[in-house]
2 protein chains.
Amino acid sequence: MAKGYIDLQHNGKAEIIKQSFIFSGLGRDELFELANLAIERSFRAGEFIFWEGDAPDLFYIVAEGQVKALKHSSSGKEFIIAFFGPAEIFGEVAVFENKPYPASSQAVTDTRVLAIEVKDFLSFLASHPQVALRIINILGGRLREAQSRLRDFAGERVEQRLARTLLMLSSKLGPTLPFTRQEIADMAGTTTETAIRFMSRLKDGGIIRSVRGKTIILDENKLKLLSEGPSQV
Amino acid sequence: MAKGYIDLQHNGKAEIIKQSFIFSGLGRDELFELANLAIERSFRAGEFIFWEGDAPDLFYIVAEGQVKALKHSSSGKEFIIAFFGPAEIFGEVAVFENKPYPASSQAVTDTRVLAIEVKDFLSFLASHPQVALRIINILGGRLREAQSRLRDFAGERVEQRLARTLLMLSSKLGPTLPFTRQEIADMAGTTTETAIRFMSRLKDGGIIRSVRGKTIILDENKLKLLSEGPSQV
DNA sequence: GTTATACCATGATTTAAATCATATAAGCGG
DNA sequence: CCGCTTATATGATTTAAATCATGGTATAAC
């Protein structure tokens, strides 16, 4: 096989790996080392990458597309933990504890991911402590946000939860949010109808504009006021 | 100061540090190095160790007593994220991101803690990668549990949430739980009255026995059945 | 181009849990 | 030992959000 061809393939994976926060400080040789370990996989929109409860044998990075992590209640109701875009790691909670994946991961759009065998990844980590520190940073951020959402679910009304969900999504993705009302409802822990009513009020108030399956936030400051809870006069 | 006296003091701190999961693999010299860095502080029951939003300058380990991490809703309602007992680290979410503490920490009982300056701790981490891997393990476990609770809050009824809260506490502390109905309610995201009604039903059903401020779980299997959600006939 | 499905929308009704009210008992502090 | 505070308990009422029902439109699939 022509060397040029191999290098191109490796260069593609290395480029994605380099964009990932936890690896962005690595040198060229280390990036290629990881690229050698990484397998690329493709999934159609709607396909599951792994299921909650599966054995955690692979560590994942999104190369292209969008992935959501989700759990189900005892009655089958879907709850969306997070969305992941290009260069983001996912499935990481299970991997370091050697316990089953705590959530399922599903491709929202047609998606390509890089997968690294856990044993290979842990070996790599052992000799690259700066990557471990980056992972601590990522996990800390995710734990901070999870705690914030827990507090919201325990003690805030549904419209605050919805407003905060929109703000969190826009801080991550920008003002254009590619989500249906049902997906927004599943992240905020409410029903589709409740999310529809709330979003309609935002449209009427000039806070958002939306077309089917996509929401554009026009007035983030008003949304922030809504997220702060009932006004205390 | 007599050397024997210094060693006794160091040995006390080193002993606590050694019991902490993240440090349990360290050698004697490393434990003493950390003990040198650690400051001991005492708090009376009810005192706050730090507040949500404070700058994250210290990393903490419980030496003796019990600490709770808590947040407040926009209406001031208290939500308990977790309890920490001897040898457990806390305040760690903020420290690795250099962002404010996301929750307050309060001594539940009279409590002694060890505090390490963040800059000293990060230096220590940089040269002890096995500690970083342990921290990843701890953060992963906490994130897994936070995601599970998020799913519960979003989609389960209050009695499932209460039953799961009791099961989670007992898996950590054993069958005797030193919590009031209000503390259990604050962890499960409900009101004190709702928790009281639920616990009274458990008493009537022979599942628990309780005395003021303390609950003993008698039948964990029945509690598990209750936690599984409404029976689907 | 047509049909089916998914998404958005609105209204009416139900319900789980919160809220409010009140009472009793246990434990702590002086 | 007494008084006060906190914790547990029960009942009635309210309410926020879920549920159910129905309809319209846009988009995708055939």
Side-chain angles (χ1 to χ4, degrees), chain A residues 44-46 73-80 108-110 152-166 177-205 208-216 226 229-230, chain B residues 44-46 73-80 108-110 152-166 177-205 208-216 226 229-230:
Chain A
R44 307 309 298 259
S73 75
S74 57
S75 60
K77 180 177 180 179
E78 176 169 304
F79 175 67
I80 295 175
V108 175
T109 60
D110 287 354
D152 288 349
F153 281 24
E156 300 292 351
R157 300 167 61 149
V158 70
E159 66 179 46
Q160 276 71 66
R161 300 205 315 263
L162 283 161
R164 289 176 193 179
T165 297
L166 293 178
L177 307 180
F179 303 116
T180 66
R181 268 97 179 98
Q182 174 161 5
E183 287 169 329
I184 291 169
D186 288 345
M187 288 196 74
T190 186
T191 63
T192 306
E193 295 92 335
T194 303
I196 286 171
R197 295 187 220 279
F198 179 73
M199 303 294 278
S200 289
R201 281 178 39 222
L202 296 190
K203 279 169 74 174
D204 294 346
I208 64 166
R209 176 158 60 85
S210 73
V211 69
R212 186 188 174 90
K214 181 176 293 182
T215 299
I216 299 104
L226 279 178
Chain B
R44 308 308 298 258
S73 75
S74 57
S75 59
K77 180 177 178 178
E78 176 171 302
F79 175 66
I80 295 175
V108 175
T109 60
D110 287 354
D152 289 349
F153 281 25
E156 300 291 352
R157 300 166 60 146
V158 70
E159 65 180 44
Q160 276 70 66
R161 300 204 316 262
L162 283 160
R164 290 177 193 178
T165 297
L166 293 177
L177 307 180
F179 303 116
T180 65
R181 269 94 179 104
Q182 175 161 5
E183 287 169 330
I184 292 170
D186 288 346
M187 288 196 74
T190 185
T191 63
T192 305
E193 295 94 333
T194 302
I196 287 171
R197 296 186 218 279
F198 179 73
M199 304 295 279
S200 289
R201 280 177 40 223
L202 296 190
K203 279 170 75 174
D204 294 345
I208 64 166
R209 176 159 59 84
S210 74
V211 70
R212 184 188 174 95
K214 182 176 292 181
T215 299
I216 299 105
L226 278 179

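Numbers restart at 1 for each chain; the letters A, B, ... are given by sequence-line order, proteins then strands. The shown structure was predicted, so the numbers you read here are calculated from the model rather than taken from an experiment.
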So if I define the base as every atom that isn't primed, P, OP1 or OP2, how would nucleotides 24-30 of chain D read as a B/S/- string at a heavy-atom cutoff under 4.0 Å? --BS---
Can you tell me if A:Glu156 uses its side chain to pair, donor with acceptor, with the backbone of B:Ser74 under 3.5 Å? yes
DNA chain C: first to last nucleotide in contact with chain A (atom under 4.0 angstrom from a heavy atom), 5' to 3', is C:dA6 to C:dA12
Side-chain contact test, heavy atoms from C-beta onward, threshold under 4.5 Å: evaluate it for A:Arg161 versus A:Thr190 and give yes or no. yes
Does A:Val108 form a side chain to side chain contact (heavy atoms under 4.5 Å, CB included) with A:Glu183? I'd like the steps, not just the answer. CA-CA 11 Å; A:Val108 175; A:Glu183 287 169 329; 4.1 Å; yes
Heavy-atom closest pair, residues B:Ala195 and B:Arg181: CB-O, 3.7 Å
Report the residues that fulfil salt bridge (Lys or Arg N to Asp or Glu O under 4.0 Å) with B:Glu78, sequence neighbours left out, ordered by chain and then residue number. B:Lys68
For A:Phe79 versus B:Ala154, what's the shortest heavy-atom pair and its separation? CD1-CB, 3.5 Å
Hey, is B:Glu159 close enough to B:Arg201 for a salt bridge, meaning N to O under 4.0 Å? yes
Before giving the answer on side chain to side chain contact (heavy atoms under 4.5 Å, CB included), spell out for A:Met187 and A:Ile184 the whole-Å C-alpha distance, their side-chain angles and the decisive distance to 0.1 Å. CA-CA 5 Å; A:Met187 288 196 74; A:Ile184 291 169; 5.9 Å; no
Heavy-atom nearest pair, B:Ser210 first then B:Lys203, reads OG-CD, 3.6 Å
Between residues 190-200 of chain A and DNA chain C, which residues have a heavy-atom gap below 4.0 Å? A:Glu193, A:Ile196, A:Arg197, A:Ser200
Check A:Asp110 against A:Ala45 and note the closest heavy-atom contact, atom names and distance. OD1-N, 2.9 Å
Is A:Leu166 close to A:Phe198 at the side-chain level, that is, under 4.5 Å between some pair of heavy atoms? yes
In degrees, rounded to 10°, what is the bend between the two ends of the helix from C:dG1-D:dC30 to C:dG30-D:dC1, using five pairs at each? 60°
Are OP1 or OP2 of D:dA9 and a side-chain N or O of B:Lys203 less than 4.0 angstrom apart? yes
Salt bridge (Lys or Arg N to Asp or Glu O under 4.0 Å) involving A:Asp152 - partner list, sequence neighbours excluded: A:Arg164
